[in-house]
Amino acid sequence: MRLVFAALPIIGIVLGFNAALGTTAPSRQVAEGQRLYMENCAACHGDDGQRGSAYQTPIWGGRARIARFETALGLFEYNQIAMPFNDPAQISDIDKLAIVAFMLANHGAMPAGSTLEYGGAASIPIR
């Protein structure tokens, strides 16, 4: 019985994540991107990417301006040089790719169960 009750918080986290990204279980990369986003990006952009303390414009979803990057590669390259704004070098490129995968999954530009590869990022359009 204790094992079942101990697992309930974890199940709640997974179910909450799947509700945000659809019914597909997130890939390891997207799940890691969510963790990294919460640690490094949410303070400015908000937990839900819609309105943060420093940036009040949604960064994914219907009203977001994410489409200006045109492809996943454009978004990744922007994050490479500009995010976090105080020190872009504090997050590795591998971790930034995971954050971008999480953002794209939330935006609907790629399935949550997918993995974003640098070599294929130019072929993933953002609308």
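Along the sequence shown, the residues carry numbers beginning at 1.
- Enclosure of atom CD in Glu70 is not indicated, since only 12 or fewer non-hydrogen atoms of other residues, nucleotides or ligands lie within 6.0 angstrom.
- Considering only heavy atoms from C-beta on, Ile99 stays 4.5 Å or farther from Met83 through its side chain.
- Residues Asn79 and Val100 meet the side-chain proximity criterion, which asks for heavy atoms closer than 4.5 Å.
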Q.
The test is side chain to side chain contact (heavy atoms under 4.5 Å, CB included); show your working for Gln29 and Leu116 and say whether it passes.
A. CA-CA 8 Å; Gln29 182 190 46; Leu116 178 62; 3.5 Å; yes

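- Listed here is the closest heavy atom pair of Ser114 and Ser27: O-OG, 2.7 Å.
- Judged as a side chain to side chain donor-acceptor pair (under 3.5 Å), and not counting sequence neighbours, the contacts of Asp93 are Gln80.
- Relative ring orientation between Tyr118 and Phe76 is described as perpendicular, the plane-to-plane angle rising above 60° on a 0-90° scale split at 30° and 60°.
- One distance of note links CG of Leu36 with CG of Leu97; it measures 11.0 Å at 0.5 Å rounding.
- Looking only at side-chain heavy atoms (C-beta outward), Gln34 and Asn106 stay at 4.5 Å or farther from each other.
- Counting heavy atoms from C-beta on, the side chains of Pro84 and Asn40 never come closer than 4.5 Å.
- With rounding to the nearest 0.5 angstrom, the OG atom of Ser123 is 9.5 Å from the CG atom of Leu73.
- Arg28 CZ: 12 or fewer foreign heavy atoms inside a 6.0 Å radius.
- In this structure, Glu117 CD and Ile124 CD1 are separated by 9.0 Å, a value rounded to the nearest 0.5 Å.
- Met38 and Leu104 fall within the same hydrophobic cluster, defined by Ile, Leu, Val, Met, Phe, Trp and Tyr side-chain heavy atoms under 4.5 Å apart, directly or through other members.
- Note that CZ of Arg63 and OG1 of Thr57 are 8.5 Å apart. Values are rounded to the nearest 0.5 Å.
- Between Met103 and His45, the closest side-chain pair of non-hydrogen atoms is not below 4.5 Å.
- Taken from OG1 in Thr115 to CD in Glu32, the straight-line distance is 12.0 Å, to the nearest 0.5 Å.
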Q: Give the C-alpha distance, both sets of side-chain angles, the deciding distance and a yes or no for side chain to side chain contact (heavy atoms under 4.5 Å, CB included) between Trp60 and Leu75.
A: CA-CA 11 Å; Trp60 64 68; Leu75 178 60; over 6 Å; no

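- Arg65 pairs by the side chain to side chain donor-acceptor pair (under 3.5 Å) definition with Tyr55, not counting sequence neighbours.
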